Amino acid sequence: MRPSTRYAQSGGLSIAYQVVGDGPLDIVYVPGWVSNLDHAWEFPRLVHVFERLSAFARLILFDKRGTGLSDRNVGFPTLEQRMQDVQAVMDAVGSRRAVLMGTSEGGNMSMLFAATYPERTVALVLNGSFAKGLWAPDYRWAKTAEQVEEELASIARDWGGAFDLSNAAPSLVHDRQARDWLAGYLRNSASPQDAIALWRWNTEIDVRSILSAIHVPTLVLHRTGDRWVNVEEGRFVADRIPGAKWVELPGDDHVIWAGDADRALDEIEEFLTGMRPEPVSERVLLTVLFTDIIGSTSMAAELGDRRWRDVLRRHDDLVRTELRRFGGVEVNTTGDGFLASFQGPTKAIQCAGAIRTSASGLGLDIRAALHTGECERRGHDLSGIAVHLASRLLGYAGIGDIVVSRTVKDLVVGAGITFEERAAAQLRDVPGQWQIYTANPAPE
């Protein structure tokens, strides 16, 4: 029977979810592109997938913001907002920790969630997933910009009609029931313009730099002949997640419900039911923010100790106010600046912009630097290459600059933040060349 649909509140939006089964393990199923919870139960092949998973676990299904039964017309999503939606659904059903099962584009957010919230992630299962949405010289398997434009034109032209299964599920290309169901499923999942916007958003995703920060048990499944996401993309992901189990399955289908679905589901069940509980890692993906006051030494000499201490106290108060407002955590102060951490880069950039604006009211010029990477967390203290790298980036910031690494830029797709590219730099004591950008957060 079709389960009832409930709603979780996430940042003022309503996120639709369903719960199936009551097993000892929670699985959050993260769909790709678009979905519709109610319409999903009208197709026996997808119902079979849900029934297999819910036979050994409590299966948690949801429609991502902007799709299906969740609030629609909500603007361009970010990966951070989607992670917030998952947490809201987990909280609503009383799930402290869960397996994140991401299929296709749903895998990207699942990877980021596992790296950012290991304390809430039992394991990670990826099916037909990728790390980057567009072709690049060092990622040659993704679609080119020209191919994406052709796909978008096809979506705009054919949305609502029978869906072409030749790439998504070639084994069902002549199955009228599958084609008709998928057409209705997509129509009920998003409007044509929303579908196009989300498809374009998918191509801008790049999570390559955070794969090494995933430290939960991970299973990566991919079919050898997948026509939508090249099998090399799955191998790329598996090779870069520490300890990941790689399973290559026969077949050309991309979606899990086509072809030999039970072969994939057998692998998932064996992996999850045979797992041993792992201690929660103290290594976690965080965005690190450094700020400081430009010209603080000369200003202190000009004002004198007493007046300078007053200015510095007011500066510290305003920084702490903005950190609380944007969900930042103060790690320590650096005399005339702060080291803080955030669960995601969007809030960190917005916070840096707010600090810059507030400090100007005190007659202070601020600069800031951010990097997203793996940190070692011991109590309130942070260490690791991410902290070291953000500190080095600060030296490349001028008056009012918010400089960020490429990793930060790649993770804030859809956040309305623009970037100006600067020259690549060799950072002291940090191997390799690092591309640096100046971030321009949208005014509040």
Side-chain angles (χ1 to χ4, degrees), residues 8-15 28 30-32 62-67 70-71 74-91 98 100 102 105-121 124 129 131-133 197-198 200-211 213-214 284-289 322-329 340-354 368 370-375 386 390 402 404-419 437 439-442 444:
Q9 296 304 305
S10 176
L13 298 182
S14 295
I15 307 300
V28 177
V30 184
F62 76 105
D63 284 334
K64 292 177 286 192
R65 62 171 61 201
T67 70
S70 293
D71 279 346
V74 295
F76 218 39
T78 66
L79 288 172
E80 292 166 76
Q81 289 171 329
R82 287 189 167 180
M83 290 197 297
Q84 176 184 325
D85 297 343
V86 170
Q87 290 188 87
V89 170
M90 289 176 64
D91 290 344
L100 267 289
E105 170 267 319
N108 308 115
M109 188 275 289
S110 300
M111 296 178 220
L112 188 59
F113 189 99
T116 307
Y117 302 105
E119 72 280 2
R120 302 207 67 174
T121 309
L124 179 63
S129 294
K132 189 178 189 306
L198 289 168
R200 191 180 296 279
W201 179 84
N202 293 343
T203 67
E204 297 182 34
I205 291 174
D206 187 348
V207 296
R208 291 177 296 172
S209 59
I210 63 95
L211 297 179
I214 297 172
V284 63
L285 187 75
L286 293 171
T287 297
V288 177
L289 166 66
E322 300 299 353
L323 287 176
R324 286 192 296 271
R325 187 157 72 100
F326 289 95
V329 176
S341 67
F342 295 77
Q343 296 283 10
T346 302
K347 293 290 187 182
I349 293 174
Q350 293 169 339
C351 184
L370 301 96
H371 176 61
T372 300
E374 187 176 355
C375 297
I402 302 171
V404 305
S405 64
R406 175 155 195 164
T407 303
V408 170
K409 173 183 175 293
D410 289 341
L411 292 176
V412 297
V413 174
I417 298 170
T418 60
F419 297 89
Y437 299 84
N440 303 298
E444 293 185 78

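Quick caveat: nothing in here was measured; it's all calculated off a predicted structure. Numbering of residues begins at 1 and proceeds along the displayed sequence.
Remark: the backbone N or O of W201 is not paired with any side-chain donor or acceptor of E204 at under 3.5 angstrom. Although no hydrogens or angles enter the test, the distance criterion places no donor-acceptor pair under 3.5 Å between the side chain of T78 and the main chain of A415. With hydrogens and angles disregarded, no donor-acceptor distance shorter than 3.5 Å links the side chain of T67 to the backbone of D63. With hydrogens and angles ignored, the 3.5 Å screen pairs no side-chain donor or acceptor of Q343 with any backbone N or O of L286.
Taking every heavy atom of both residues into account, L285 and E374 meet most closely at CD1-N, 4.0 Å. S110 approaches V30 most closely through the heavy-atom pair OG-CG2, 3.5 Å. Heavy atoms only, all atoms of each residue included: I402 and G353 are closest at CD1-N, 3.6 Å. Contact detail for A348 and L289: the closest heavy-atom pair is O-CD2, 4.4 Å. Annotation for P345 and V412: closest pair CG-CG1, 3.6 Å, computed over non-hydrogen atoms. Residues S10 and A88 share a closest heavy-atom pair of CB-CB, 3.7 Å.
For F342, the ring-ring contact (aromatic ring centres under 6.0 Å, His included) test picks out no residue, with sequence neighbours left out. Looking at residues two or more places apart in sequence or on another chain, you find no side chain to side chain donor-acceptor pair (under 3.5 Å) involving T116. For R208, the side chain to side chain donor-acceptor pair (under 3.5 Å) partners two or more places apart in sequence, or in a different chain, are D138, D206.
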*Would you check, one step at a time, whether the test salt bridge (charged side-chain N to carboxylate O under 4.0 Å, His left out) holds for E105 with R82?*
CA-CA 12 Å; E105 170 267 319; R82 287 189 167 180; 2.7 Å; yes
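Residues C375 and V288 form a side-chain contact, since some pair of their non-hydrogen atoms from C-beta on lies under 4.5 Å apart. No side-chain heavy atom of V413 sits less than 4.5 Å from a side-chain heavy atom of I205.
The CG atom of L411 sits 7.0 Å away from the CD1 atom of I210 when rounded to the nearest 0.5 Å. One finds the CE atom of M83 at 10.5 Å from the CG atom of L100 (value rounded to the nearest 0.5 Å).
The pair D71-K64 does not meet the salt-bridge criterion, since no charged nitrogen lies less than 4.0 angstrom from a carboxylate oxygen.
Judged purely by distance below 3.5 Å, without hydrogens or angles, the side chains of Q9 and S14 pair a donor atom with an acceptor atom.
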